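Written out below as structure tokens is the structure these notes cover.
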Amino acid sequence: MPKTLPIPLKFRLPEGWLPARPEGFDAAGVAFAAVHSQPDTGFAANITIDGEVRSGPAVLDELADQSVERLREVAESVVLAHRREVGSADAPALTQRLIISALVDGSRRNLVQSQVYLSLSDIIDPNKRAVIRLTLTATADQHDVVLGDFQDFVRTVRPDAKAGG
């Protein structure tokens, strides 16, 4: 069963991406998932959204570190290739790229994961802050091909006041 996001979001999937059926996608804690229509050697690039409400200030680098550690528990290796703080004081964000070697459906895969952490204020209750994680996972060969789609997707993500009220 999909996890509920801490605040309602609206977004637009790029062309060539399809919402994943919950029963066809194994990712605990994910609120939304989409897959690319053209898999690479049997692995479908995917975009996921998850999030949580944080008490106190959301320290994005700590959340990103926790994500790396969780992946290290299940993957053969995880290397933090890049991390950068972006956004503004009112809307901080962080991006990171991870290089992952993991067994997926019995096959060893070299994957690249791009993560974007957004700290958002709820439109209805500005004191309520949520951290939303947007993630692209693709094979190392396909990552750069679909990265532009992911960046386009990230630019469309917004709090949805109509769904929250």
Side-chain angles (χ1 to χ4, degrees), residues 1-54 58 60 63-76 78 80-83 86 93-120 122 129-160 162-164:
M1 179 172 192
K3 179 181 175 183
T4 302
L5 288 170
I7 61 173
L9 295 178
K10 61 182 175 180
F11 53 85
R12 186 178 41 80
L13 283 175
E15 189 173 325
W17 291 83
L18 306 167
R21 295 189 324 240
E23 65 273 10
F25 198 83
D26 181 26
V30 169
F32 177 82
V35 294
H36 194 266
S37 59
Q38 297 179 347
D40 178 42
T41 61
F43 183 87
N46 59 79
I47 293 172
T48 60
I49 304 173
D50 64 90
E52 60 188 273
V53 174
R54 298 295 290 191
L60 298 179
L63 296 172
D65 286 342
Q66 292 169 8
S67 179
V68 171
E69 291 309 312
R70 280 192 305 276
L71 280 169
R72 285 185 174 143
E73 293 172 4
V74 297
E76 293 175 349
V78 178
L80 174 60
H82 175 79
R83 180 179 288 173
V86 294
L94 180 140
T95 65
Q96 69 179 9
R97 183 176 295 184
L98 308 173
I99 309 300
I100 303 166
S101 178
L103 284 176
V104 179
D105 295 330
S107 297
R108 177 166 283 108
R109 300 282 185 174
N110 293 318
L111 304 172
V112 178
Q113 190 171 88
S114 290
Q115 299 177 341
V116 176
Y117 291 83
L118 305 173
S119 180
L120 302 172
D122 189 292
R129 279 201 92 69
V131 175
I132 304 298
R133 181 176 58 175
L134 311 170
T135 303
L136 167 68
T137 306
T139 63
D141 289 339
Q142 192 179 31
H143 183 268
D144 289 347
V145 174
V146 296
L147 181 60
D149 287 351
F150 179 63
Q151 292 167 334
D152 290 344
F153 167 75
V154 169
R155 283 190 280 275
T156 72
V157 176
R158 302 278 184 272
D160 187 354
K162 291 179 184 174

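Keep in mind that what you see is a predicted model, and the values were worked out from it rather than measured.
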Closest non-hydrogen contact found for Phe150 with Thr135 is CE1-C, 3.8 Å
dist Asp40:CG -> His143:NE2 (nearest 0.5 Å) comes out at 12.5 Å
Applying side chain to side chain donor-acceptor pair (under 3.5 Å) to Arg72 and not counting sequence neighbours gives Glu69
Hits for side chain to side chain donor-acceptor pair (under 3.5 Å) against Thr95, two or more places apart or cross-chain, chain-then-number order -> none
| query | Do Gln115 and Arg133 have side-chain heavy atoms sitting under 4.5 Å apart? | reply | yes
Here the gap from Asn46 atom CG to Leu136 atom CG, rounded to the nearest 0.5 Å, amounts to 7.5 Å
Residues pairing under salt bridge (charged side-chain N to carboxylate O under 4.0 Å, His left out) where one sits in residues 100-109, two or more places apart or in two chains, turn out to be Glu76-Arg108
Closest non-hydrogen contact found for Val78 with Ala75 is CG2-CB, 3.8 Å
Closest non-hydrogen atoms of Ser37 and Pro39, given as atom of the first, atom of the second and distance, are O-CD, 3.5 Å
Between Leu18 and Leu13, the two heavy atoms sitting closest are C-CD1, 4.3 Å
On a heavy-atom basis, the closest approach of Ile132 and Leu120 is CG1-CD1, 3.8 Å
A side-chain contact here means heavy atoms from C-beta on lying under 4.5 Å apart; do Leu111 and Val104 qualify? yes
Validation row: Ile49, Phe11 side chains within 4.5 angstrom (heavy atoms):
yes
When rounded to the nearest 0.5 Å, the distance separating CG of Asp50 from OG1 of Thr4 is 12.5 Å
Checklist line | Ser114 (side chain) donor-acceptor with Arg97 (main chain) under 3.5 angstrom | finding: no
Note, Leu134 side chain near Ile47 side chain (heavy atom, < 4.5 Å)
no
> Less than 4.5 Å apart, any side-chain heavy atom of Phe32 and any of Thr48?
Replying inline: no
Side chain to side chain contact (heavy atoms under 4.5 Å, CB included) test vs Leu98 passes for just one of Val68, Val112, Thr137, namely Val68
Quick one, Val131 with Leu118, criterion side-chain contact (heavy atoms from CB on, under 4.5 Å). Give me CA distance, side-chain angles, the key distance, then yes/no.
CA-CA 6 Å; Val131 175; Leu118 305 173; over 6 Å; no
Sorted by chain and number, sequence neighbours left out, ring-ring contact (aromatic ring centres under 6.0 Å, His included) with Phe43 holds for none
Closest non-hydrogen atoms of Tyr117 and Leu60, given as atom of the first, atom of the second and distance, are O-CD1, 4.0 Å
Hits for side chain to side chain donor-acceptor pair (under 3.5 Å) against Gln142, two or more places apart or cross-chain, chain-then-number order -> none
dist Leu9:CG -> Thr156:OG1 (nearest 0.5 Å) comes out at 9.5 Å
Residues pairing under side chain to side chain donor-acceptor pair (under 3.5 Å) where one sits in residues 5-17, two or more places apart or in two chains, turn out to be Trp17-Asp149
